[in-house]
Structures are given as C-alpha cells and as structure tokens.
Amino acid sequence: MTRQQFIEEVADVQESLRRFLRGLCGGDGFLADDIAQEALLKAYMSFNGFEGRSRFSTWLFRIAYNCYLDKNRKKNIGTDGDFEACNARQIIDNSSEADRKFRYQPLYMAIGKLGKEEQAVVLLFYMEDKSVKDIVDITGMPSGTVRSHLSRARKHLKEFLKKQI
Amino acid sequence: MIKDGDIRRFMDKYRMAMPENDRFMENLVSQIDLLPVPGKMNADEGRTLSEDMVRLMASKLKKHYRIQAVIILVANLLFCISLLFAISAVFGTGTVYSSQVMNMLADWRYVIFGILSAICIGLSLSYIIPDQA
C-alpha cells in the first residue's frame, strides 16, 4: 500500500470512525476528533505492524478504540448521562457543536447508562453495522462476551424506547 | 412490543453526520506529510508487480550469464534461419523421391524444423539459466 492509498482508505473510513468515537465521548466532537487523529497517526506510524490478518478498516477501528480506552483511563470521560464532562474545550465549545449535541441528545441518553464496553458494542453493531466477528476483532473481547453485552444493551434500549412512546 | 428493527430505526434516526466545512482530513494529511514514510509502505508509487519480477529475474542472471545468453540467442537464430533455407533447398516443393522415408521427411519438413528449433532453444536455456542454490 502506498502513502496515497493509505490516505484514500482513511478518507473512506474516517466518518464512520469519528462517529463511533463521538458516540463513546458523549457527543464531544473535539475530543472524538482528537482521539481519531491520534489513532490515525498511530496507524500510519505503525503501518509496519499491519499484517493483513483483518481488514484495514477493522484494524483502524481497533487502534481508535484502544486510544479511546487509554484516554478514558486518564480522564474518565464518556457518557454517564452527564453532559458537563470535565473537558476544558467544552467551556469554549462553539454554538454549532452545542446544537449538534442537543440534536443527538436522545441517543446519548439511550446509551448513557450502559457500561463502556456495552456502549462500544452497541455503537459498532447498530450504528456502524459491524458484524459480531468485526466487533471481536476491534474490541478484543471474546465472541460470547460481545453477544452478552449486545443482549443486555438490547434489553436496556427496548425499555428506553418503550418509555419514549 | 419493541423489536430489534425499532432499535435500528432509532439508531438510523440519530446517526451523526459530520459537520459542514469539515477540515479533519486536511489537518490529518498535513500531519502525515511531516512524518517519514513507514518502511513497509511502498515509496515508489509507480512500481508494479511485473516490474518487480523483471528486476528479480535480471538480478538472478549475473553479468557473465547475460553475455552467454546473448551469444547463444544469436547462434540459435542463425542456426534456425540456416536450417530453414537448407530444408527448402534439399526438400524442394513438388519433388517426388524414390525412398518412402525421404518423401515423409519432405512432407513433414517444417514440422521437423519446428521441433529441432525448439530442442535447440530448450537446451540453450537450460545451459544459461543458473542452477538454484
């Protein structure tokens, strides 16, 4: 793969990747894009380590997810139904970003009470249309764990949607 | 009763779109430009698999083998052309021979020529291509 091909492949995947990270970061676009950029640069620098065992997009998602987990450990970010997350950039958040968060608030409320791993599984399965096998490759969780997270998340989402009606 | 399809419809409804005037890729590419190209990534974007194979074959034939290969190729070409003329001269069209063997050789002269040429070229190639270590 050439440098140009790498950039083209990334251009195809970046929207899906950033959307996934935004979901995990509770709608914080700046943070999600920071993590996405860090992940893609890491992917570029560690391209020698890509052995082609999984698809290129799956590999990128895996790196991005690991970057999110690292950041999460350091800052304790995410969707706990609390939109006043401790992030300095949110204080100077522009109005369009705030509008976007408001627009997608039902989504963040729906997944906000789920655990971090369940959120990741739900976003990958329902939002990004990934298969269970892809989710296993991305998150590193065993297949049985992915399925049980999905089952719990479905139950939670069904109850949430029932209340909406 | 809420079904899986309802969950999918909900997720589709709130599928986030990227903001307009998005400069993410632009910023990313400018950062990548500052980094060295990883070793595994092809630096030469014009190179193809066939070019790589030709380079590999050429490197296998060492210089003295190349000279021998050219000499043998020229000798083979001269031999084939001479053989063709000899066959035409010896076995002229329309000539009927008393011997049945000669008549058969005359009828099959070009086929025999082709077989002899192929044998010559095959022997030459087996001589000039180096043995695998």
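In this text the structure is predicted, and so the values were computed from the model without any measurement. Numbers restart at 1 for each chain; the letters A, B, ... are given by sequence-line order, proteins then strands. As a basis for the values below, the full set of heavy atoms in this structure was taken, side chains included, without hydrogen atoms, waters or symmetry mates.
- Proximity to chain B (any heavy atom under 4.5 Å) is shown, for A/Ala36, by both the backbone and the side chain.
- Follow the hydrophobic side-chain contacts under 4.5 Å out from A/Tyr65 and you reach A/Val132 in the same cluster.
- Between A/Asp33 and B/Arg23, no side-chain nitrogen of the basic residue sits less than 4.0 Å from a carboxylate oxygen of the acidic one, so the salt-bridge criterion is not met.
- Under the 4.5 Å side-chain contact rule for hydrophobic residues, B/Val111 and B/Phe79 share a cluster.
- In this structure, chain B has heavy atoms under 4.5 Å from both the backbone and the side chain of A/Phe125.
- Under the 4.5 Å side-chain criterion, counting only non-hydrogen atoms from C-beta, B/Met11 is in contact with A/Ile111.
- The two residues A/Pro106 and B/Tyr14 make their nearest non-hydrogen contact at CG-OH, 3.3 Å.
- There is no path of hydrophobic side-chain contacts, each under 4.5 Å, that joins B/Leu77 to B/Ile71.
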Practice task
Dump the intermediate steps for side chain to side chain contact (heavy atoms under 4.5 Å, CB included) on A/Tyr126 and B/Phe10, then the final yes or no.
Solution key: CA-CA 9 Å; A/Tyr126 286 109; B/Phe10 173 78; over 6 Å; no
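- Scanning all heavy atoms of the two residues, the minimum distance from B/Met16 to A/Tyr108 falls at SD-OH, 3.3 Å.
- Residues of residues 139-157 of chain A lying under 4.5 angstrom from chain B, judged on non-hydrogen atoms, are A/Arg154, A/Leu157 by number.
- Cluster annotation: B/Ile112 is not connected to B/Phe85 through the hydrophobic network of ILVMFWY side chains, with a link wherever side-chain heavy atoms come within less than 4.5 Å.
- Scanning for salt bridge (Lys or Arg N to Asp or Glu O under 4.0 Å) contacts around A/Glu159 gives an empty result, with sequence neighbours left out.
- Applying the salt bridge (Lys or Arg N to Asp or Glu O under 4.0 Å) test to B/Asp6 and every residue at least two apart in sequence or in another chain returns B/Arg9.
- Heavy atoms closer than 4.5 Å to chain B are found in both the backbone and the side chain of A/Glu15.
- Residues satisfying the side chain to side chain contact (heavy atoms under 4.5 Å, CB included) criterion with B/Met104, sequence neighbours excluded, are B/Trp108.
- The candidate from B/Arg15, B/Met25, B/Gln31 with the greatest count of non-hydrogen atom pairs under 4.5 Å with chain A is B/Arg15.
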Exercise for the section: Decide side chain to side chain contact (heavy atoms under 4.5 Å, CB included) for B/Asp12 and A/Met127; before the verdict, give the C-alpha distance in whole Å, the side-chain angles of both, and the deciding distance to 0.1 Å. Expected result: CA-CA 7 Å; B/Asp12 281 341; A/Met127 192 72 80; over 6 Å; no
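- Within the 4.5 angstrom heavy-atom criterion, only side-chain atoms of B/Asp22, from C-beta onward, approach chain A.
- B/Arg8 is listed as a side-chain neighbour of A/Asp129, based on a closest heavy-atom distance under 4.5 Å.
- Put simply, of A/Arg18, A/Met45, A/Glu128, A/Gln14, the one with the most heavy-atom pairs under 4.5 Å next to chain B is A/Arg18.
- Nearest approach of B/Leu28 to A/Gln37, heavy atoms of both residues: N-NE2, 3.7 Å.
- B/Ile119 is connected to B/Phe113 through a chain of hydrophobic side-chain contacts under 4.5 Å among Ile, Leu, Val, Met, Phe, Trp and Tyr, so both are in one cluster.
- Smallest separation of non-hydrogen atoms from A/Lys158 and B/Ile7: CG-CD1, 3.9 Å.
- Here the options are A/Leu41, A/Val10, A/Leu40, the test is side-chain contact (heavy atoms from CB on, under 4.5 Å), and the partner is B/Ile32; only A/Leu41 passes.
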